[in-house]
Structure formats: C-alpha cells, structure tokens
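Okay, structure first, notes after.
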Amino acid sequence: MNSLPAQNPAIDQTLRHDWTVDEIEAIYRLPLLELMGRASAVHRTHHDPNAVQKASLLSIKTGGCPEDCAYCPQSAHHREVKLGREQLMDPGAVLKMAARAKAAGADRFCMGAAWRRVRDGAAFDAVIEMVRGVRNLGMEACVTLGMLETRHAERLAEAGLTAYNHNLDTSPEYYSQIISTRTYQDRLDTLAAVRGAGIDLCCGGIIGMGESIRDRASMLHVLAGFAPHPESVPINALVPVAGTPLADHEPVDALELVRMVATARITMPKSTVRLSAGRTDLTREAQIMCLMAGANSVFYGEKLLTTPNPEEDCDTALFAALGPIPASVA
C-alpha cells in the first residue's frame with residue numbers, strides 16, 4: 001500500500017515518521033496518568049497550552065451519498081435513516097453562515113458535501129466561490145468533498161483553500177468492515193493529490209466502531225507515517241444513528257477518547273489535534289481532560305454535518321471554565 005509522496009527537504013527532521021504499530025499501541029496502553037503527563041509535556045513543547053481553536057462545520061449538500069460507510073446517516077444505502085436530502089446550498093447563504101460563525105468566535109469554517117467524488121461543473125464552481133468567500137472573510141477554509149483528482153486540488157488551492165478534510169476512518173486492517181465502496185488506497189490517493197497541491201491535510205478517524213486497540217494504533221501509524229504529518233488530525237467518537245449498521249453500538253468510554261488524543265499528540269507533536277464528533281456524550285471535565293492530553297481545537301456549533309454537537313451556551317461555559325482565574329481568587 002502506497003503512502004503519500006516521499007519526504008522533501010522542508011520536512012522537520014526532529015519529528016518521527018518511523019513509529020511502529022507496536023510502539024504506538026504501547027503508548028496507548030500506558031497508565032493513564034503517565035500517558036496524559038507525557039502527552040501534555042509534548043503539547044506544551046510545541047503549542048500554547050491555553051490556545052484552543054474554534055472551528056465551525058456546515059453541511060453544504062446533505063444526504064444521498066453513494067458510499068456505504070457504516071457510520072454515516074448520509075449514505076443512500078441506509079434507507080431506514082430519517083434524513084432529508086438537501087441540494088447544494090447557494091454560496092451567498094453559505095457565506096452568511098460563515099460570517100455568523102466568525103462573529104460567534106470561529107476562525108475556521110469547514111464545509112462538507114455528501115459526494116463520492118468531485119466532478120467538474122457548476123456544483124464544483126459554486127464550492128470554489130464559497131472557498132474564496134470564506135477566505136475573504138479572514139477565516140481559514142476547509143472542505144470535505146470526497147475523492148478528488150490533481151486538477152481539482154489545484155483549483156481549490158488557487159481559490160485559497162486552507163485545508164482538505166479526508167479521514168482514514170480506521171485502520172487498513174479493519175477498513176473493509178466499515179466501507180466497501182471505496183478502498184483505503186483511494187483515500188491515500190486523494191490525500192496525495194491534496195498534498196501535491198500544497199493544501200494542508202485534515203485527516204484523522206473514528207473510534208468506537210468495533211475496532212480493537214490494535215486497529216486504533218494502526219490508524220495512527222499510517223497518519224504518523226505521513227511526511228510531513230497531517231496539519232490537522234480530527235479524533236472522532238462514533239455517534240450511533242438509528243438506521244445505520246452501527247446504530248446499536250454503545251458510546252465509547254470517554255477515557256478511550258482521552259487515550260486516543262494523547263497518543264495522537266505524542267506521535268504527531270506539531271499537528272492540530274481536533275476533538276471532533278462525540279463531544280455531546282462528554283462531560284465538561286472529560287473534554288478538559290482531552291484538552292490537557294493534547295487536543296487544541298474543537299468544532300463550535302450545535303451540529304456537525306448531520307449529528308449533534310454541544311450547543312453554543314455549553315461551549316461558552318466550557319471556554320469560561322478554561323479562562324484565566326479571576327484576580328480576586330489568584
């Protein structure tokens with residue numbers, strides 16, 4: 001299985017790209033307090049520990065996706081899912097929502113379309129207009145549009161796209177249990193096209209889909225083997241949705257999410273680790289543990305594409321708790 005293009009002279013040689021699955025699994029299985037301590041130390045070396053980026057995510061085209069991802073309510077294969085289909089949004093409406101997200105404190109605006117792949121035409125032209133508009137607002141722009149070829153990546157780069165999201169989802173070994181309509185190599189090929197165009201990679205995965213700890217380590221092994229590492233690594237917990245094949249899965253234990261974040265931080269020190277789907281099942285304290293373990297970004301807003309996210313007042317309370325101690329207490 002091919003990975004991304006070979007290293008180039010600009011790559012930071014102080015970072016490791018040769019982790020083994022055994023090493024990563026051993027890190028994941030460390031005593032929790034030791035694991036968090038190590039991850040926090042790495043995080044403080046490479047990042048401001050008090051800086052947490054707020055990103056906003058919008059579904060710009062919903063439902064009817066031809067892929068059969070077992071976790072996804074947008075798949076046309078899962079006919080029992082109660083989700084209405086929506087056509088591609090008008091760029092003007094998207095940019096109004098981006099401006100609203102910026103006013104609420106977000107500095108990164110992410111747009112997702114339920115497509116199998118990017119195709120030339122009016123729809124892609126509209127996405128290009130959205131990207132330019134978001135960048136003109138002074139925000140980072142990220143899109144997830146499925147598979148794409150080099151020419152599409154180059155057009156997105158010309159429009160000023162900051163990052164392209166294309167998750168691995170799980171390990172190469174477990175992948176066939178989750179998706180049959182797209183290969184692992186298809187994902188790697190898209191990531192190579194993105195990297196070749198000079199766009200940042202936003203690439204992570206999901207835990208809680210029935211995979212083993214070994215599978216989690218194997219997925220991180222692929223990510224940490226990229227040279228350079230992905231600029232963003234979203235760590236998602238499965239949000240079971242009625243009508244999907246994974247609807248009956250129990251929510252993942254919060255401490256498993258802490259372990260995943262910490263292991264990602266240790267193996268990819270300079271990446272932005274994004275605490276993504278599944279936050280609604282986490283207490284404020286569990287989310288703070290994830291931030292202490294190395295997460296430094298959250299998605300801000302009441303919905304992530306089609307699944308729930310903490311409401312704005314909950315996140316306001318979370319960030320208030322993270323703020324400086326009042327002078328009267330210090």
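With sequence neighbours left out, the side chain to side chain contact (heavy atoms under 4.5 Å, CB included) criterion links R119 to R117. Residues forming a side chain to side chain contact (heavy atoms under 4.5 Å, CB included) with M289 (at least two apart in sequence, or on another chain): L32, M36, L255, V258. Residues that satisfy the side-chain hydrogen bond (donor to acceptor under 3.5 Å, both in side chains) test with T150, not counting sequence neighbours, are absent from this structure. Not a single ring-ring contact (aromatic ring centres under 6.0 Å, His included) links H166 to another residue, sequence neighbours left out. The salt bridge (Lys or Arg N to Asp or Glu O under 4.0 Å) search around E211 returns R216, not counting sequence neighbours. Partners of D215 under the side-chain hydrogen bond (donor to acceptor under 3.5 Å, both in side chains) rule, at least two apart in sequence or in another chain, are S171, S212. Listed by chain and number, the residues in a side-chain hydrogen bond (donor to acceptor under 3.5 Å, both in side chains) with S176 amount to none (sequence neighbours excluded). A247 meets the side chain to side chain contact (heavy atoms under 4.5 Å, CB included) test with T244; sequence neighbours excluded. The side-chain hydrogen bond (donor to acceptor under 3.5 Å, both in side chains) search around Y174 returns none, not counting sequence neighbours.
Linking Ile, Leu, Val, Met, Phe, Trp and Tyr residues whenever their side-chain heavy atoms come within less than 4.5 Å leaves V21 and I207 in two separate clusters. Both M209 and I213 belong to a single network of hydrophobic side chains, linked directly or stepwise wherever heavy atoms of I, L, V, M, F, W or Y lie under 4.5 Å apart. A continuous path of ILVMFWY side-chain contacts below 4.5 Å connects V131 to L88, so both sit in one hydrophobic cluster.
Here the straight-line distance linking atom OG1 of T190 with atom CZ of R195 works out to 14.0 Å at 0.5 Å rounding. Remark: L238 CG to H249 NE2 distance equals 7.0 Å, nearest 0.5 Å. A distance of 12.0 Å separates OG of S40 from CG of L33, quoted to the nearest 0.5 Å. Separation of atoms NZ (K61) and CH2 (W115) is listed at 8.5 Å; rounding is to 0.5 Å. For the atom pair R265 CZ and H43 NE2, the distance stands at 5.5 Å (nearest 0.5 Å). In this structure, CE in M147 is found 5.0 Å from CZ in R182, a value given to the nearest 0.5 Å.
Considering every non-hydrogen atom in both G294 and V273, the closest pair reads O-CB, 3.8 Å. The two residues C203 and L168 make their nearest non-hydrogen contact at SG-CG, 3.7 Å. In terms of heavy atoms, L95 sits closest to M130 at CD2-O, 3.6 Å. In terms of heavy atoms, A262 sits closest to L35 at CB-CG, 3.7 Å. The two atoms that bring M268 and V233 nearest to each other are SD-CG2, 3.9 Å, heavy atoms only. The two residues E173 and S218 have their closest heavy-atom pair at OE1-OG, 2.7 Å.
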Residues T162, C142; criterion side chain to side chain contact (heavy atoms under 4.5 Å, CB included); working and verdict: CA-CA 6 Å; T162 308; C142 179; 5.9 Å; no
Check against side chain to side chain contact (heavy atoms under 4.5 Å, CB included), I179 and Y184: CA-CA 9 Å; I179 303 165; Y184 217 76; over 6 Å; no
Working for side-chain hydrogen bond (donor to acceptor under 3.5 Å, both in side chains), residues D169 and Y71: CA-CA 10 Å; D169 288 345; Y71 55 82; 2.7 Å; yes
Residue pair M97, M111: steps toward the side chain to side chain contact (heavy atoms under 4.5 Å, CB included) verdict: CA-CA 11 Å; M97 298 188 75; M111 297 164 280; over 6 Å; no
Verdict with supporting geometry, V143 and Y164, side chain to side chain contact (heavy atoms under 4.5 Å, CB included): CA-CA 5 Å; V143 295; Y164 194 88; 3.6 Å; yes
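For the pair L156 and L148, the minimum side-chain heavy-atom distance is below 4.5 Å. Within the 4.5 Å cutoff, the side chain of V42 has no heavy atoms near those of the R38 side chain. The closest side-chain heavy-atom distance from N167 to I206 is not below 4.5 Å. At least one side-chain heavy atom of L15 sits less than 4.5 Å from a side-chain heavy atom of P269. At a threshold of 4.5 Å between non-hydrogen side-chain atoms, the residues L275 and L257 count as touching.
Other residues, nucleotides and ligands contribute at most 12 non-hydrogen atoms within 6.0 Å of the CZ atom of R44. By the neighbour-count criterion of 12 heavy atoms within 6.0 Å, atom CD of E285 is densely surrounded, having more than that number from other residues, nucleotides or ligands. In this structure, D48 places its CG atom where more than 12 heavy-atom neighbours from other residues, nucleotides or ligands lie under 6.0 Å away. Within a 6.0 Å radius of CE in M292, other residues, nucleotides and ligands contribute 12 heavy atoms or fewer.
Checked by atom type and distance alone, the side chain of R274 never pairs as donor or acceptor with a backbone atom of A55 at under 3.5 Å. Side-chain N or O atoms of S271 include one that pairs as donor or acceptor with a backbone N or O of P230 at under 3.5 Å. No donor-acceptor distance shorter than 3.5 angstrom exists from the side chain of T263 to the backbone of I27, with no hydrogens or angles considered. Not a single donor-acceptor pair under 3.5 Å links the side chain of W19 to the backbone N or O of A224. Here the side chain of N165 pairs a donor or acceptor atom with the backbone of C202 at under 3.5 angstrom. In terms of modelled atom types and a separation under 3.5 Å, the side chain of D68 and the main chain of S180 share a donor-acceptor contact. The main-chain N or O of G205 is found under 3.5 Å from a side-chain atom of N236 such that the two form a donor-acceptor pair.
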Report, one line per pair, each donor and acceptor closer than 3.5 Å where one atom sits in a side chain of residues 120-128; sequence neighbours left out.
from: D120; atom 1: OD1; to: H152; atom 2: NE2; distance (Å): 3.1
from: D120; atom 1: OD2; to: R151; atom 2: NE; distance (Å): 3.1
from: D120; atom 1: OD2; to: R151; atom 2: NH2; distance (Å): 2.9
from: D125; atom 1: OD1; to: R155; atom 2: NH1; distance (Å): 3.0
from: D125; atom 1: OD1; to: R155; atom 2: NH2; distance (Å): 3.2

Identify every side-chain donor-acceptor pair in residues 132-140 under 3.5 Å, counting partners at least two apart or on other chains, and give the distances.
from: R135; atom 1: NE; to: G160; atom 2: O; distance (Å): 2.8
from: R135; atom 1: NH1; to: M139; atom 2: O; distance (Å): 2.9
from: N136; atom 1: ND2; to: R132; atom 2: O; distance (Å): 3.3
from: E140; atom 1: OE1; to: Q53; atom 2: NE2; distance (Å): 3.3
from: E140; atom 1: OE1; to: R108; atom 2: NH1; distance (Å): 2.6

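Under the 30°/60° scheme for interplanar angles, the aromatic rings of H229 and H17 are found to be tilted.
Screening residues 267-295 for ring-ring contact (aromatic ring centres under 6.0 Å, His included) gives no qualifying pairs among residues at least two apart or on separate chains.
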